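From a predicted model like this one, the values you see are computed outputs, not experimental measurements. Side-chain atoms are counted along with the backbone in the values below, which use heavy atoms only and exclude waters and symmetry mates.
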Amino acid sequence: MKRIQRICSLILLATFFGGIPMLHAQSFDKLWKQVEQAQKKSLPQTVIKLTDEIFRKGEQEKNTPQMLKAYMCRNTFQNVLTPDSFYVNLKGLEQWAEREQNPVSRAVLNSLVASIYANYADNNRWELRQRTSLDLEDEALPADIREWSGNLFMKQVMKYTGEALKDSAELLKTSSRTYIPFVELGETSEYYHHDMYHLLASRSIEALQRIQGLDRTTPIEAYSEETSSEKESLVKQDIERIYDQMLTSYKAKGDKEGCLLTSLNYLNWKHGTSKSFREPFRVKKGGTYMTFDPYETGLDALKTEYKSLDLCAEVYLAQANNAIGKEQETVALQLCDEAIRLYPGYRRINALKNLREDILAPSLNVTAAATAFPGEEIEIRASHKNLDGFTLRLYQAKKMTKEQHFAVLRPKDYRTQDTVFTFKAPEVGEYVMRIVPDIRAKRDGESKFNVTRLKALTCRLPGNQYEVVTLDGQTGHPVPNAKITLYTNDEKVLQEFTAGADGKVVFPWKSEYRYLKATKGADIAMPFQGIYGGSYGYYGDENKVSEQMTLLTDRSLYRPGQTVYVKGIAYAQKSDTANVLPNKEYTVILTDANDQEVGQKKVR
């Protein structure tokens with residue numbers, strides 16, 4: 001569910017809109033249709049020629065929107081033909097902005113320049129972060145932006161976003177309709193009365209967000225809990241300033257919808273970028289400490305101030321999504337119900353209805369081993385929500401051979417819960433396991449389930465030989481006279497061998513071998529096992545001993561607060577021999593998605 005952010009946007013690529021009422025629209029329309037046809041036929045030179053014609057026509061008729069659209073479309077195709085033209089076109093756009101007399105058109109051009117610099121910096125972020133910051137004034141900037149450091153792009157984006165919003169009074173008075181077809185109106189544009197100010201302010205915020213991180217002071221929050229504006233980056237200060245100016249402007253106009261959406265977007269931005277705004281903290285009030293959540297407090301204030309507007313449903317939606325993020329589904333459900341009751345006619349009320357359905361929807365995910373030994377008690381792990389149980393059914397040759405029902409406790413807070421069951425594997429055979437939830441929300445889950453006594457171990461031998469040993473999967477004893485079948489990559493039979501009394505078979509290795517399967521009598525359920533030629537012996541010194549470590553966890557995915565169980569095997573590898581390293585101390589380190597250390601523990 002998308003929250004409302006921008007209500008109209010500039011068309012930076014060649015996008016076409018038919019039937020636009022404007023002066024000489026049919027003439028321009030005809031030219032744009034020719035451009036569209038040239039695009040479909042992949043004729044970039046023709047596109048450039050036609051857009052040049054549209055630009056000149058727009059210049060003669062003082063039709064700036066057509067000029068802007070033609071200019072940006074031409075640049076897009078020119079950059080494809082000659083990539084270095086990007087830098088020339090950017091300079092041309094800057095010069096156009098400097099000489100443009102119309103304040104609104106000048107603001108649009110400055111906004112475009114800011115976005116181009118921001119996109120370039122964002123796309124080359126890694127390289128820019130490796131460079132030393134250059135402290136240069138505008139007149140000393142290198143002519144080639146490929147030589148710039150990240151902070152120079154930051155300064156240019158801040159400069160042009162500032163220029164784009166300098167004539168805010170004119171922008172507030174100008175309807176974005178006057179810039180069709182270069183401007184595309186969004187479905188909620190009327191909340192801002194179609195003014196150009198909101199459009200360019202939103203674009204400025206987006207451009208500034210793209211360069212966050214290129215400001216060398218950005219990581220301050222990682223080292224300090226201070227969140228005053230003095231401690232925030234210059235980019236963040238600019239974004240704060242734009243939001244503040246937007247709110248002031250729409251309050252002065254008496255545009256309540258504009259104030260609500262601006263405030264909501266601001267709170268969402270702060271919640272997403274500021275650690276102190278995202279995490280509740282304790283404050284002392286009188287003689288007691290109270291928990292304060294700035295994001296929730298801000299949303300509550302908006303609900304109180306704008307409760308008479310249908311648009312206030314967006315605040316409820318933000319609160320409900322935030323509650324789900326904190327695993328408070330019961331709170332989220334109450335918020336959805338309240339918003340649906342208060343604002344039944346709101347155009348996006350279905351977003352809340354859909355969220356409510358998601359909270360109440362039953363879900364079930366069951367995992368089990370794909371292969372088991374006959375009679376083995378295997379674990380069935382069920383992750384479930386909003387249902388009372390499920391049935392496990394086994395089918396062999398499309399006939400049901402076993403059925404067992406498992407009851408689960410339905411959590412009252414609508415959250416997903418994990419439950420582990422045991423299931424006794426049937427006799428040897430190939431089965432299909434079907435999981436049928438008590439409440440049919442989606443189609444039943446289905447997977448292959450093989451029951452076999454056989455396991456196969458493989459080893460590459462000297463002289464291009466290959467050895468396969470067939471074992472009993474429960475006892476580990478060799479299985480004599482087992483049949484070993486070798487397959488191609490597309491599972492076609494290549495060759496068959498019969499193991500000896502020791503369960504072993506040795507044969508010449510062929511590169512066509514990709515899979516093997518061991519069978520004996522009625523036991524034919526062992527799944528395909530991938531085999532690889534590998535390499536007998538080692539590169540370098542065969543007598544060199546290398547220390548190795550293998551870590552295993554009890555699962556691949558965890559919920560917040562769950563205990564992570566880790567098992568490790570430390571061993572010394574020499575040639576094809578490995579020995580466990582006993583009584584040696586190691587440090588296990590846990591890192592997050594950003595490779596930052598979360599915790600560590602010493603183990604032996």
Original post:
Quick one: side chain to side chain donor-acceptor pair (under 3.5 Å) partners of S383, sequence neighbours excluded?
Top reply: D418, R559

**OP:** Quick one: closest heavy-atom pair of M67 and F55, and the distance?
**Re:** O-CD1, 3.4 Å

**OP:** Measure from NZ or CZ of K385 to the centre of the six-membered ring of Y414, then state whether that distance is under 6.0 Å and the direction lies within 45° of the axis.
**Re:** no

Original post:
L214 and A121: which non-hydrogen atoms are nearest, and at how many Å?
Top reply: CD1-CB, 3.6 Å

Original post:
Is any side-chain N of the basic residue among D144 and R146 closer than 4.0 Å to the acidic one's carboxylate O?
Top reply: yes

Subject >> Partner set under salt bridge (charged side-chain N to carboxylate O under 4.0 Å, His left out) for D167, not counting sequence neighbours >> reply: R106

**OP:** Decide whether a cation-pi geometry holds between K155 and W148; the criteria are a distance under 6.0 Å from NZ or CZ to the six-membered ring centre and an angle within 45° of the ring axis.
**Re:** no

Original post:
So, does S85 use its side chain to make a donor-acceptor pair with the main chain of V88 at under 3.5 Å?
Top reply: no

Original post:
Distance under 6.0 Å and angle within 45° of the ring axis: does K270 meet both against Y295?
Top reply: no

**OP:** Anything under 30° is parallel, anything over 60° is perpendicular, the rest tilted; go ahead and classify F153 against Y120.
**Re:** parallel

Original post:
Any salt bridge between D238 and R241, counting N to O under 4.0 Å?
Top reply: yes

Subject >> Salt bridge present between E53 and K49 (N-O < 4.0 angstrom) >> reply: no

**OP:** Could you tell me the separation between the OG1 atom of T297 and the CG atom of L302, rounded to the nearest 0.5 Å?
**Re:** 11.0 Å

**OP:** Search all heavy atoms of L317 against all heavy atoms of A351 and return the closest pair with its distance.
**Re:** CD2-CB, 4.0 Å

**OP:** For the pair E36 and K33, find out whether any cationic side-chain nitrogen is under 4.0 Å from an anionic carboxylate oxygen.
**Re:** no

Subject >> CD1-OG distance between I242 and S168, expressed to the nearest 0.5 angstrom >> reply: 11.5 Å

Original post:
Does the distance from a Lys or Arg side-chain N to an Asp or Glu carboxylate O, for E170 and K173, drop under 4.0 Å?
Top reply: yes

Subject >> V315 to L299 - nearest heavy-atom pair and separation >> reply: CG1-O, 3.4 Å

